[in-house]
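Just below is one structure, and these are the notes that go with it.
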Amino acid sequence: MKRSLWLEYLFRPLVIGVMFGCIALSLVELVRLFSPTWNATFLIMGCVLAAVEANYSYRLIRARQLRGADRLRFRAIELVLFFLLLRIGSYIGDSWADVLADLQTWPRQMSNVVDLETTTAFILAVFSWHAATQTVYDLERLDEPPERHRYYIPPMHSLTDRFFWGGAILLIATGLTRIGIAQLLNLRRPSVPGLVLNVLVYFLLGLVMLGQVRFVTLRKRWQAQGIKVAEDLPGRWVRYSLALIGLAAFLAFLLPTRYTMGLLEVAGLILGILALVFSFIAGLLFLLILFPLSWLVSKLFGQPVPSPHARLSPPLLAQPPGGTLPDWFEILRSLLFWAVALGIVFYVVRGYLRDHPELLEAPDALAMIRAI
């Protein structure tokens, strides 16, 4: 398969580096809750550069065919250089006099060389470097025939898992930073104002790269099957992928950032509405039966029967404790949200069970689940 140099040596390394920089930014903001004076610029840049460097070092090892001790020596030098560059980067913003004074203490006090700030930055940079190396390895496997053994994981699955695990770490760190550690036990959950730009950039770039990887996988399959592919398909794939991602981002901006009504509240509201409808229907049937009886009694005894309107009052929805019912827009929004959420859960569970029928074949205790 024809390989694109700009894709492998420019686009993918930059995308991977920026994505790991987005994760590092969230982790840095979380750490700065406890240490506001922490200089984190060099840490973010270190994670980005480590992720970018992992792409080129991996290809260099492959090109020179380094094995055994040579490869181990290359990796050791690589990690030492990471640490030295991060230690130098920790001096960003300091005056030359302060830097020289700190360097003079190194021979006498080795703890100044390996301080907590640099060690933390080094650990995060190594994690970024390792994850980026695995990502490049998976991207290289896209052109290789699949291995037929029970422990084989397709590269597309590995890339997708790593992307969503990184997104989970990013969301957790960003959420803790925005609401604060002390607000975790606050069930009312304060509103999160503003745009979380690094989260948006991470998922947009990740979806763009996964879309491109998906096209490479399909094109390889088509070529193996001898299927003729239109020449303009790559361009259309890119345009439609970007249009779909842009539409998703636009819809995300339209979504409300406040919390909806809880699921139990929505269920109670639905039950209340159903009770109201049934009460209205029952009252209407009662009136339809009572009117002829009232007319018949008045004809037989010559006395009008009191109107049933005086004894009937329209049923009302129960008010929530300590408050009033929400407005119709919030009710509609909550109903729509929970309908979509439960529909997604049902679709995922149904698809998983359909792909794993052995889960429903065993005990009789699962008869109810099979029926559902």
Residues in salt bridge (charged side-chain N to carboxylate O under 4.0 Å, His left out) with Asp70, at least two apart? Arg73
Among Val208, Leu204, Leu247, exactly one meets side chain to side chain contact (heavy atoms under 4.5 Å, CB included) together with Leu242. Which residue is that? Val208
Heavy-atom check, side chain of Met156 versus side chain of Val213, under 4.5 Å: yes
Pair Met209, Phe163 - check side chain to side chain contact (heavy atoms under 4.5 Å, CB included), show working. CA-CA 10 Å; Met209 190 175 71; Phe163 166 66; over 6 Å; no
Which atom of Gly46 lies closest to which atom of Ala125, heavy atoms considered: O-CB, 4.3 Å
Working to the nearest 0.5 angstrom, can you tell me the gap between Leu207 CG and Ile245 CD1? 5.0 Å
Just checking, is any N or O donor in the side chain of Arg162 or Ser158 under 3.5 Å from an acceptor N or O on the other one? yes
To the nearest 0.5 Å, what is the distance between CD on Gln65 and CZ on Arg71? 12.0 Å
Are Leu210 and Arg214 close enough that some pair of their side-chain heavy atoms sits under 4.5 Å apart? no
Is any side-chain heavy atom of Phe74 closer than 4.5 Å to a side-chain heavy atom of Arg64? no
Take Leu142 and Lys220, measure what side chain to side chain contact (heavy atoms under 4.5 Å, CB included) needs, and give me the verdict at the end. CA-CA 8 Å; Leu142 293 175; Lys220 174 188 171 185; over 6 Å; no
Between Ile44 and the options Leu49, Leu25, Asn198, Leu124, the side chain to side chain contact (heavy atoms under 4.5 Å, CB included) test singles out Leu25
Any chance you could lay out the side chain to side chain contact (heavy atoms under 4.5 Å, CB included) test for Leu27 and Ile169, step after step, and finish with the verdict? CA-CA 9 Å; Leu27 294 175; Ile169 296 173; 4.3 Å; yes
With sequence neighbours left out, the residues meeting salt bridge (charged side-chain N to carboxylate O under 4.0 Å, His left out) with Glu78 are Arg75
More than 12 heavy atoms of other groups within 6.0 Å of Trp222 CH2: yes
Hey, does the side chain of Asp138 reach the backbone of Pro155 with a donor-acceptor pair shorter than 3.5 angstrom? no
Please tell me if the side chains of Phe203 and Val199 come closer than 4.5 Å, counting only heavy atoms from C-beta onward. yes
Counting heavy atoms not belonging to Phe278, are there more than 12 under 6.0 Å from its CZ? no
Hydrophobic clustering (ILVMFWY, side-chain heavy atoms < 4.5 Å, transitive) - are Phe20 and Phe127 grouped together? no
Give a yes or no on this: more than 12 heavy atoms of other residues, nucleotides or ligands lie within 6.0 Å of atom OH of Tyr240. no
Any chain of hydrophobic side-chain contacts (each under 4.5 Å) joining Trp165 to Ile23? no
Using only atom types and a distance under 3.5 Å, with no angle test, would you say the side chain of Tyr202 pairs donor to acceptor with the backbone of Gly21? no
Which is it for Ile16 and Val52 under the side chain to side chain contact (heavy atoms under 4.5 Å, CB included) test, yes or no, and what are the steps along the way? CA-CA 7 Å; Ile16 294 172; Val52 173; over 6 Å; no
Donor-acceptor pair, distance only, cut-off 3.5 Å: does the side chain of Thr174 make one with the backbone of Leu171? no
